[in-house]
Structure formats: C-alpha cells, structure tokens
> 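Just passing along the structure, written as structure tokens.
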Amino acid sequence: MKNFDCINVPLDEELVKEKPDYVSSHLDEESIKNELNTSIVGKRLVLLETVTSTNDFLKALAKENCKNGTVVATREQTKGKGRLGRKWLSKKDDSIIFSVILFPDIQPEECLNITLLSGLAVCKAIREELNIDCKIKWPNDIIINNKKLGGILSEMSASGGKLEYIIVGIGINAEQRQFPKEISHKATSLFCQSEKAIDKNRLFAKILKSIEDEFMRNNLELTGTALEEYTSLCATVGREISFFRGEKRLCGKAVGIEPNGELAVKLEDETVCSLGFGEVTVQGIY
Ligand code: BTN
C-alpha cells in the first residue's frame, strides 16, 4: 500500500502454527494494511517480530521525533510491563500487543481521559467485530465474564508541568487456550470465550480505527456520549468495591465515572469520594 509508512521485520513463516482444529495467524504487515482505514493512528506502523516492550520501543522513537499516532506492534515481548510494576507475559503470537504515541496539547492530569477512551475503544471494537459481551473494569482492564481479557499501561513524559507525550500500551489475550493455574481463575482470551479462530490482523486494524474514532470524536475528553458509553460498559459501576488509602482499606459502592475519568465511590459513611488511580477490588470480578 502506498503512503503507509511501515517498518516490517522479516517474519519466520515456520511460526504460523497449525493447531488441531483451526489455523492461527500472526500479525503481518500486508494483512493489517489491507484492513486499516485510519488517518493518524497507525498511519506509521512499526511491526516487530520480538521486542522487550512496545512501550519502551516507542519511548526511544519519541526521542527521534516520531509522528503523532505512530504505532509499534509485536508478535512477542520479552519484558512486557503491566500496571503497578507488574509483568505482562504472553507467548509469541498469542496476543495482540501494541502501543500508540500521542503528542497532545493537554495537561498531564488530563491523560487519564486518553487511557479511558482507549479502553472504551478496545471494548467497542471487540464487541462490534466479534459480538462478544466484553466490558471494562475501571480504569482500563478489558474483561469478559468477569475475567481479564486485556490491559492498558499508559506512560507519559512531562517537563515543566507540560505534557511531552503519552504512550498507550495495550495487550489483548487472543489465542491462549489455557492459562497457568495461578491465574486461570482470573484470566481469559478471545479464543477461550468464543472457541473461534481470531483474525488478529483484522481485529487489530479495527481496534486502531476505533481508538482513532474515539480520540477524534471526543477531542481526547471523556464527556458527553463517551462518558455515557464508558459508564454503561463499566462493570465496576454499581458494584461493591474496596481500595487502599495509604494503609487503610476503604469499602463502598462505585456509583459513577466523573468527567475527568475518576471513579465516584459512595463510602460506608455515605460520603462520596473520587478515585483517580490505583487498584480497586471489585466484588464479583477476579
Ligand atoms: C495491565 O493490565 O497491567 C496493563 C498491561 C499492559 C500490557 C501492554 S502490552 C503492550 C504494552 N507494552 C508493555 O510492555 N505493556 C503494554
């Protein structure tokens, strides 16, 4: 495809695995290009066979003034990072793994909106493309049947109170047939939920388009329709939750999402507080 700026590392054809009852595919340039219909997000696409972390790779590209909306995707990460310092592990070709960089003219504290809009976009793309009832666990876990399907790690760089860039890194479990015993009660994949072959290239292109649409339609803000949609897809809202404030564990009910992306929680003493980050334990969800 012309005007599509893509660095493609040669891929090992032997790694197209024949599975007993269906044939899986890996991310490849041609197939993604055939499906991609965006003007900013993924217009420049770097597709790698293996990398430590797509977030870290993009951080290095940011130093070379890469374009707004550049996407780095990979078939495998060797040092994938999760939120709160955790690892993000996935076998080669099992997941859709990518990061997108934006250079928006916003305040660092507005970045939460971008992360939440990204989660909304991923959730909507999967629902539309695969007809699967996935939801969001605030702030940005993608869940199906109360198990985790995917996660988002956003990292930003700011200087003198001004945002330089934000990198949104997304991992979606696609082809895993089972998970290690320690996490099998809380992790799932598209395959586990649908028992169907997943066209990862097509889904990936749809997700990029959905992200671009949500960013542009909502001007990077979580207001109006985006806030309504996020709230209706957010499985956290309406449930009993607990979280830590310092050493203290607080309990309450999640009652809504604020326009700045924070979670509104009615505490046991009936006061309402807002949560901006961190981990919440949600009753009924892993
Ligand atoms: C989480 O739920 O803890 C967030 C997981 C984010 C994983 C993605 S995979 C692509 C990008 N690169 C990384 O190293 N992490 C994110």
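A quick note: this is a predicted structure, and the numbers were derived from the prediction, not measured. Numbering of ligands and ligand atoms starts at 1, following listing order.
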> Residues two or more places apart in sequence or in another chain: which of them pass salt bridge (Lys or Arg N to Asp or Glu O under 4.0 Å) with E129?
R202
> More than 12 heavy atoms of other residues, nucleotides or ligands under 6.0 Å from NZ of K81: is that the case?
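Yes, because the 6.0 Å sphere around NZ of K81 holds more than 12 heavy atoms from other groups.
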> Just grab all the ring pair (Phe, Tyr, Trp, His ring centres under 6.0 Å) pairs involving residues 210-254, residues at least two apart or on different chains.
none
> Using heavy atoms and a cut-off under 4.0 Å, could you grab the residues that are in contact with ligand 1, chain by chain, numbers ascending?
S53, T54, N55, Q77, G80, K81, G82, R83, W88, I97, F98, S99, D141, K148, G151, I152, L153, G169, I170, G171
> I'd like to know if the side chain of T271 pairs up with that of D269 as donor and acceptor (distance under 3.5 Å, no hydrogens or angles considered).
yes
> Which residue pairs pass the ring pair (Phe, Tyr, Trp, His ring centres under 6.0 Å) test when at least one of the two sits in residues 63-104, sequence neighbours left out?
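The answer is F98-F204.
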> Salt bridge or not between K33 and E29? Use side-chain N to carboxylate O under 4.0 Å.
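Salt bridge flag = yes for E29 with K33.
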